[in-house]
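Okay, structure first, notes after.
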Amino acid sequence: MSEISKAYEPQAVEEKWYSRWLADGCFTPDPASAKPAYSIVIPPPNVTGMLTLGHVLNNTIQDVLARRARMLGHEVLWLPGTDHAGIATQTVVERKLRKEEHKTRRDLGREAFLERVWEWKEKHGGIIIQQLKKLGCTCDWSRERFTMDADYSREVQAVFVDLYKKGLIYRGKRMVNWCPVSLTALSDEEVIMKAQNGWLYHMRYELADRPGEFLEIATTRPETLMGDTAIAVHPADERYKHLVGSHVWRPFPRARIPIVGDEHIDPTFGTGVLKVTPAHDKADFEIGQRHHLEILDVLHPDGTMNELAGPEFAGMDRFAARKAAVEKLREMGLLVKEEPYQNNVGYSERADVPIEPRLSEQWFLKYPKVAESLEAVKSGAVAFRPERWAHVYDHWMQNIQDWCISRQLWWGHRIPVWYRKDNPDCVHVDTAPPADPENWTQEEDVLDTWFSSWLWPFATMDDATRGKFYPTTDLVTGPDIIFFWVARMIMAGYEFTGQKPFANVFFTGLIRDMSGRKMSKSLGNSPDPLDLIAKYGADGIRFGLLRIAPQGQDIRFDEKQIEEGRNFANKLWNAARFRQMHGPSAPEVQLEGLKLSSYSLDILAKLQELVVKLDAAYGEYRFNEAAQLMYDFFWSEYCDGYVEAAKSEIFSEDPAAKDSALAVMDFVLSHMLRLLQPFMPHLAAELWTTLGFTAPDHGCEHLMYVAWPQSATLLAGLERERLTTASQRVAAVYESVRLARNLRAEVRIPSNKKVRLFLKPQPEWAEEESATFARLVNAETVTLEANYEPARGEPRVLTPLGELYLPLEGLVDASAEQERIQKEIAKVEAELATVGKKLSNENFVQNAPAAVVAEHRKRETDWKEKLSQLQKMMHSLGG
RNA sequence: GCGCGGUUAGCUCAGUGGUAGAGCGCCUGCUUCACACGCAGGAAGUCGCAGGUUCAAACCCUGCACCGCGCACCA
């Protein structure tokens, strides 16, 4: 046992314990264990990533689940790792290359560039892993995985080949979402629709067969008109249907283009005439297919105009070209009007620029096991929490589209396809290159990062691990990646393992700033969790964040909340310190045979109730409730209530009473530390050791492996029949204390000043509690006197212990006291009226549950009793 | 357009049919022998609006308003 400092200083304690756990291999499970398995795979953060508050929330929840599972006797695997994050990582390294060497990746060439990326990854990647250790995460670091590990890559390629052979992967020239900055195709999920304030331009195209007559067309993208290869109207539109089959002049480059009739056109929008640019719009492309229109691509991949747009536009950026095209139309007298218009534009998720619909050769996947995956969530085989996310999943799965899986990047899993040099139509699709590689060229593209992440729950495990821990138990993630990751993992699980990948998915909320904005680097509104850890301790931030993280609801972050977590840690620290000051603790307390005070019985009953409620909260993944329950129990019930009351035993002359109270403190503290361990692991471990607690049969010296308290057997050996009466008595004393303190405050006696009180005792046991009562109200003496005669105007209050008097030797005049009691009477009368009204309602008395009615009747009796006593007190004051 | 959340004390949020809760902030008093990262007391809410169901509604139903999000979109 060592001396404990006055305030908890988390830094040294946290570092000490984390390294001790690591040294003792506490996080590494044994696949051969006979214990039931519990497993989680971490949502792999980007290898470029830095810890955000989102990660803190997410990983703390996982850690809480893992730690509690260990205490419940499970063999626990929490498997960590990082994601290669194709675009993000490649961008970081390219930027560095440009800045430091003024080179592009093409200057280096593919192989040399990839070497650089690996170098970067070894040197700077995975910082976030170190940061997770600071948080106290109990991941099995010996199993850390990376989505580009050799064996993981083999698995990705095998999956590609398998799906290709099943006919689910195909190559095709399709309209895809093209990012002009990253220069790659993207999946539909990587496109974010944003509302844009732009313009709707009305322009007119001259009819080729009727010079001088024009068709008016509305568009938001005049810069693509050079790629127009037709004009479309609705075939039934009375205004235009006679024109179908004739031609108009595209103004520049000047060309005759046909007018086609197509059902897709909405006659009510704009002028009811659409310019058709098959190369630059998905709907236009489809119209083009239907009418066999020419496809005229006027853009370079980087979003600048190409030669087909005409010499004056070639090389111009698409947005500059928009202005230029409008000007040119104006000069030609073809611009009718411009009106402000709001529409939605798709943005690239990573580069945050508008994407271009672009026709290109890409690889696509027809998703496997869609029906089975839909059913899994519907039936609850994979349980979503909160449940409402199941609808979002359902909707997406019902409308699922083929997935564009190829990316025009270098960093990633290269597609295992080779084309014969002398005949590109001859392909070799296999995890191994062809035997005569010199005659083949490998596909240049890599796979979408998510095409590797979707295998994460099983591709990260070796056979022995998979045998024990797959399918995993819980997945904890944000609802923002429900399509990117969760849905795809479920499908991959069924397709490649024949099983669901996890039993439960818990969706956390998003953390927002105080004005409700999403935390982001660019807004600079995201505090660095490491700063917060340094300031408040990992346990403080864990507890503070979880206490305010409701089920699946977004969270407004306020540093105050973390401060509360730190304060709670300090409270625990000092409560332990207080216990330690009164001698050594018993390593294992047995309640049996102890002579217990009412206060002890009461706090033990509340402890048991806490365990019951905590188990229920965990059962529903209500972590905020669990945190709040522990906070309230420990701070209010234990510290403010029990410890203060027990001081009269601890400081008493009776050694038996003192020992009994200390034993109860040990019992409560040791159980509290067990319950707290998942949330505040470092502090709990530290206090557990400092106080010298142990537990039987846990086979390990670490608190994290001590058994979770069992509510059913917690109070075994206790005089159960005394519990109820003890709790009632304690409640009466505490209520009396509150009223007495209130009285002191009302007559403005400073809280540190001792007073002499007189009590006309009510219950026959009042005397037994008078010493404790006196201590709690800071009274020098409490004199019990059935026939006490108060002075005129003496402050008094009616308590469950009896009428209480606070002599002030005439400092308060009778009228002031009368006024105070009159106010109390008014309050009681109001309460009585409320209850009376309810009880006089026959419908209530007949229909409400008997217990509710009885409760009301009792309330009425109590208030009546109180009223009559107050009136008597009023009378004795001469009122 | 369809769908999903939210709207409770000054602030951040709990509270799924039976007398409105917490923390912070605020006011008052306390360096009382664990803790000022603390102790004690207090003020403060027509539970978004309007209907309905019920003996009883913050809670269930209907409609509306506002805030946020997702999906799909008409150029």
Side-chain angles (χ1 to χ4, degrees), chain A residues 4 6-8 193 200-201 217-221 232 264-277 281 283-284 341 343-344 386 388-389 391-392 395-396 399 479-480 482-483 509-510 512 514 516-518 536 540 544 547-550 552-558 560-561 563-582 622 624-625 628 631-632 635-636 639-640 643-644 647 651 737-738 741-746 748-754 775-778 831 834-835 838 841-849 851-853 855-856 859:
Chain A
I4 315 188
K6 199 168 172 178
Y8 174 49
M193 299 308 277
L200 188 61
Y201 302 94
I217 303 170
T219 182
T220 53
R221 297 204 65 190
H264 172 261
I265 310 305
D266 175 4
T268 65
F269 184 88
T271 60
V273 185
L274 175 72
K275 71 185 205 50
V276 184
T277 324
D281 184 279
D284 289 13
Y341 184 68
N343 66 342
N344 290 322
R388 63 190 154 89
W389 295 113
H391 296 293
V392 177
H395 185 254
W396 187 76
N399 297 286
D480 48 338
I482 190 166
F483 312 137
L510 291 168
R512 301 178 173 282
M514 285 302 283
R517 294 174 309 178
K518 204 168 159 175
Y536 300 109
R547 191 151 86 95
I548 52 126
Q553 216 66 261
D554 288 358
I555 301 148
R556 281 186 195 227
F557 178 78
D558 183 352
K560 284 270 179 222
Q561 294 151 340
E563 203 178 313
E564 283 174 36
R566 189 251 341 236
N567 293 353
F568 185 51
N570 190 57
K571 190 71 178 175
L572 283 148
W573 178 262
N574 276 290
R577 198 161 78 101
F578 175 74
R579 171 61 193 87
Q580 199 197 30
M581 286 172 173
H582 297 95
R622 298 167 75 108
N624 58 327
E625 190 176 314
Q628 187 66 36
Y631 187 94
D632 287 343
W635 203 310
S636 305
C639 291
D640 294 347
V643 172
E644 292 308 317
K647 277 179 181 171
F651 293 111
V737 166
R738 194 184 66 80
R741 285 170 174 169
N742 186 342
L743 183 69
R744 289 179 52 125
E746 289 220 28
R748 313 225 156 262
I749 295 171
S751 54
N752 63 339
K753 188 163 158 60
K754 294 226 181 258
R775 165 175 280 277
L776 293 176
V777 300
N778 199 23
E831 299 282 3
T834 312
V835 182
K838 198 127 197 197
N841 180 342
E842 274 179 40
N843 280 320
F844 170 69
V845 178
Q846 280 166 15
N847 299 326
V852 174
V853 178
E855 173 65 34
H856 278 76
R859 216 179 281 159

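Note on naming: letters A, B, ... go to the chains in the order of the sequence lines (proteins, then strands), and numbering restarts at 1 for each one.
- At the heavy-atom level, A/Y201 lies nowhere under 4.0 Å from the strands shown.
- Not counting sequence neighbours, the partners of A/E625 by the salt bridge (Lys or Arg N to Asp or Glu O under 4.0 Å) test are A/R622.
- Within 4.0 Å (heavy atoms only), A/N841 reaches sugar-phosphate atoms of the nucleic acid but no base atom.
- Among the protein residues, A/R741 comes within range of the sugar-phosphate backbone only, with heavy atoms under 4.0 Å from sugar or phosphate atoms but none that close to a base.
- At the heavy-atom level, A/Q628 lies under 4.0 Å from the strands shown only through sugar-phosphate atoms.
- Contacts of A/D480 with the nucleic acid, taken as non-hydrogen atoms under 4.0 Å apart, are absent.
- Applying the side-chain hydrogen bond (donor to acceptor under 3.5 Å, both in side chains) test to A/E563 and every residue at least two apart in sequence or in another chain returns nothing.
- Across all strands shown, B/U62 forms a Watson-Crick or G-U wobble pair, both distances under 3.5 Å, with B/A50.
- Between the P atom of B/C4 and the CD1 atom of A/I482 lies a distance of 15 Å, rounded to the nearest Å.
- Nucleic acid contact for A/Q561: sugar-phosphate only, since backbone atoms but no base atoms lie under 4.0 Å from a heavy atom of the residue.
- In this structure, A/R579 reaches neither bases nor backbone, as no heavy-atom distance under 4.0 Å exists between it and the strands shown.
- Rounded to whole angstrom, the span from the CG atom of A/L743 across to the P atom of B/G29 amounts to 18 Å.
- Between the C1' atom of B/C11 and the CZ atom of A/F557 lies a distance of 15 Å, rounded to the nearest Å.
- Using a 4.0 Å heavy-atom cutoff across all strands shown, A/K754 reaches no nucleic acid atom at all.
- Put simply, A/W635 has a side-chain N or O that comes within less than 4.0 Å of OP1 or OP2 on B/C39.
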Under 3.5 Å, which protein N or O atoms sit close to an N or O of nucleotides 42-46 of chain B? Give each pair with its distance.
residue : atom : partner : partner atom : Å
B/G42   : OP1  : A/N742  : ND2          : 3.4

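- Looking at residues two or more places apart in sequence or on another chain, you find a side-chain hydrogen bond (donor to acceptor under 3.5 Å, both in side chains) between A/R738 and A/E735.
- Backbone-only engagement by A/R622 is indicated by non-hydrogen atom pairs under 4.0 Å involving sugar-phosphate atoms exclusively.
- A/H395 meets the ring pair (Phe, Tyr, Trp, His ring centres under 6.0 Å) test with no other residue; sequence neighbours excluded.
- For A/K753, there are no salt bridge (Lys or Arg N to Asp or Glu O under 4.0 Å) partners at least two apart in sequence or on another chain.
- Using a 4.0 Å heavy-atom cutoff across all strands shown, A/T219 reaches sugar-phosphate atoms only and no base atom.
- Counting all heavy atoms, side chain and backbone alike, A/D284 lies closest to A/K275 at OD2-O, 3.3 Å.
- Closest contact between the side chain of A/R577 and the listed nucleotides B/A75, B/A34, B/G29 involves B/A34.
- Among the protein residues, A/K560 comes within range of the sugar-phosphate backbone only, with heavy atoms under 4.0 Å from sugar or phosphate atoms but none that close to a base.
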